[in-house]
Engineer: 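Just passing along the structure, written as structure tokens.
Bear in mind that the values here come from a model prediction, so they are computed numbers and not experimental data. Order of the sequence lines sets the chain letters (A, B, ...), proteins ahead of strands, with each chain counted from 1.
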Amino acid sequence: MTDVTDVKIKVENIVASATLGKSLELPKVAPALEGVEYNVEQFPGLVYKLKEPKTAALIFGSGKLVCTGAKSIENSIKAIHIAVDKMRSLDPDIPHEFEIKIQNIVASANLMSTLNLEAVAMDLENTEYEPEQFPGLVYRLGEPKVVLLLFGSGKVVCTGAKSKEDAQLGVEKTKERLIELDLI
Amino acid sequence: RLRKWQRKIRISGATERNLAFALSELDRDSSRLGLPRSVREAASVVYRNAVENKLIRGRSIEGVVAASLYAACRRCNVPRTLDEIAEVSRVTKKEVGRTYRFLTRELNIKLPPTSPVDYVPRFASELGLSGEVQSKAIDIIEQAMAKGLTSGRGPTGVAAAALYIASVLLGERKTQRDVADIAGVTEVTIRNRYKELTEQLDMGVTL
DNA sequence: ACCTTACTTTCCAAAGC
DNA sequence: GCTTTAAAAAGTAAGGT
């Protein structure tokens, strides 16, 4: 009974970083990226928004970039390659091979049961619940090291995960713990 | 030897000056909020504990004072909202909240979430509502909490809606605008809570 | 009253103030 | 700590019709 394995998580956002291994002359490669924003005083990186996959890339002079907004690891990697390929049209020396690392995965899930957050706040360890400030209860899990936001509706957000497996595990462990404490 | 001694004097002198400044700041904020001496003392205890545990590093004295006051008000069951604390201190709501979380975590202070019930006496007296209305409002809030109707909702909004409903039920009607202004929420929020409470609780009377 | 937009919270990397 | 990006959750707020 109490099958925790039936909890379905939906990946909502992925943050990935890439290191090209070669510094970039931003003024030189920026023209290859249509609609790019660049305000050094405001932020040191170029802001490039892609429509497909719908993502946003932050590109730095050091040759490192950050991609946010993708809903799958595959799309995140695809978006990074699209941006890098475009820049390479203006700078042939940009490597074709480079490292990409998944930094954060945000997922949502539904425990299919309403939660009494004041009760959860009292019995569950490592929680913060300040309804005056935010309607969700913050639950920090140690293993995997992820943070969950629990809502009265039973909906959950898991963030801080480095892999889909950790996000899934985080939600499952949270559900198990809530059942264990008779808070489900 | 003499130099080391002088340094101690200098450091303790600075420490004393900082403490004196913090306490005057605490008194200033407290009087603006109209807080009783007991709450000011509770806040000064929190502040002194923060200093003893070296938690002031990287934080403004004003911020720690404001967070100490916020915590003391909650512990004494006479809560002020983060907005009210931010208004009288020269610290943003965001920093008061951030420092409050830091202090409670580092000093192992675990306060339960603010109960809407704690706002009833203050809001009711500012609205000139009777003790009967207050009791009715508290009764409504307790029923709401028992049915899980307060999870995730702002305590002031729940207290405001309960007082509004109680005032109508007991013939001391106040407008949503009056209650909203004193509770620091919008009329829309009172209407939303009002709808949930009247639909899901047995008030014994149809409004 | 409705609708839309927007802010609160959590996470993370990037370069630099 | 801040700046910029993205995304979900749900409550609250503000402005327009």
Engineer: D/dG15 P sits how many Å from B/Glu187 CD, rounded?
Structural biologist: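 The answer, rounded to whole Å, is 14 Å.
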Engineer: Near DNA chain C, under 4.0 Å by heavy atom, which residues of residues 82-104 of chain B?
Structural biologist: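 B/Arg101, in order of number.
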Engineer: Touch check for A/Val147, heavy atoms < 4.0 angstrom, all strands: base, sugar-phosphate only, or nothing?
Structural biologist: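 The answer is sugar-phosphate, as A/Val147 gets under 4.0 Å only of primed atoms, P, OP1 or OP2.
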Engineer: For A/Gln133 and D/dT12, give me the distance from atom CD to atom P, rounded to whole Å.
Structural biologist: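 The answer, rounded to whole Å, is 13 Å.
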Engineer: Of all the base pairs, Watson-Crick or G-U under 3.5 Å, which form stems of three or more consecutive pairs involving DNA chain C?
Structural biologist: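 DNA chain C stems, ordered by first number: C:1-8 with D:10-17, C:13-17 with D:1-5.
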Engineer: What range of DNA chain C does chain A touch, first nucleotide to last, counting atoms under 4.0 Å from its heavy atoms?
Structural biologist: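 Nucleotide range in contact with chain A: C/dT8 to C/dA15.
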Engineer: Would you say A/Lys49 reaches D/dA6's phosphate, i.e. side-chain N/O to OP1/OP2 under 4.0 Å?
Structural biologist: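 The answer is yes; a side-chain N or O of A/Lys49 sits under 4.0 Å from OP1 or OP2.
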Engineer: Identify, between A/Glu128 and A/Leu58, the residue whose nearest nucleotide on DNA chain C lies closer to the 5' end.
Structural biologist: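 Looking at DNA chain C, the more 5' nearest nucleotide goes with A/Glu128.
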Engineer: If the cut-off is 4.0 Å, is B/Thr186 near the phosphate of D/dA13, judged by side-chain N/O to OP1 or OP2?
Structural biologist: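 Result: yes.
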Engineer: Can you confirm whether the side chains of B/Glu62 and B/Ser89 place a donor and an acceptor under 3.5 Å from each other?
Structural biologist: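 B/Glu62 vs B/Ser89: no donor-acceptor pair found between side chains.
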Engineer: If we count only N and O atoms by modelled type, under 3.5 Å, do the side chains of B/Thr114 and A/Glu132 hold a donor and an acceptor together?
Structural biologist: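 No pair is found: no donor N or O on one side chain lies under 3.5 Å from an acceptor on the other.
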Engineer: I want to confirm an ordering. Mapping B/Arg193 and A/Lys54 to their closest nucleotides on DNA chain D, which one lands closer to the 5' end?
Structural biologist: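 The residue closer to the strand's 5' end, by nearest nucleotide, is A/Lys54.
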Engineer: Ion pair present between A/Asp85 and A/Arg88, side-chain N to carboxylate O less than 4.0 angstrom?
Structural biologist: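 A salt bridge links A/Asp85 with A/Arg88.
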Engineer: Is B/Thr189 near enough to D/dA13 that one of its side-chain N or O atoms lies under 4.0 angstrom from OP1 or OP2?
Structural biologist: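 Yes, B/Thr189 has a side-chain N/O under 4.0 Å of OP1/OP2 on D/dA13.
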Engineer: Is any side-chain nitrogen or oxygen of A/Ser108 closer than 4.0 Å to OP1 or OP2 of D/dA9?
Structural biologist: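 Negative; the distance criterion is not met.
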Engineer: Could you go through A/Tyr139 and A/Glu125, starting from their C-alpha distance and side-chain angles, then the distance that decides it, and tell me whether this counts as side chain to side chain donor-acceptor pair (under 3.5 Å)?
Structural biologist: CA-CA 8 Å; A/Tyr139 177 44; A/Glu125 64 287 350; 3.2 Å; yes
Engineer: Rounded off to whole Å, could you give me the CZ-to-C1' distance for the B/Arg59 and D/dG1 pair?
Structural biologist: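 Atom CZ in B/Arg59 sits about 10 Å away from atom C1' in D/dG1.
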Engineer: Considering every strand and a 4.0 Å limit on heavy-atom distances, what is the contact class for A/Thr55: base, sugar-phosphate, or nothing?
Structural biologist: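 Contact class for A/Thr55: none.
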Engineer: What contact category does A/Gly63 fall into here, base, sugar-phosphate, or nothing, at under 4.0 angstrom with non-hydrogen atoms?
Structural biologist: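 No contact at all - A/Gly63 keeps every heavy atom at 4.0 Å or more from the nucleic acid.
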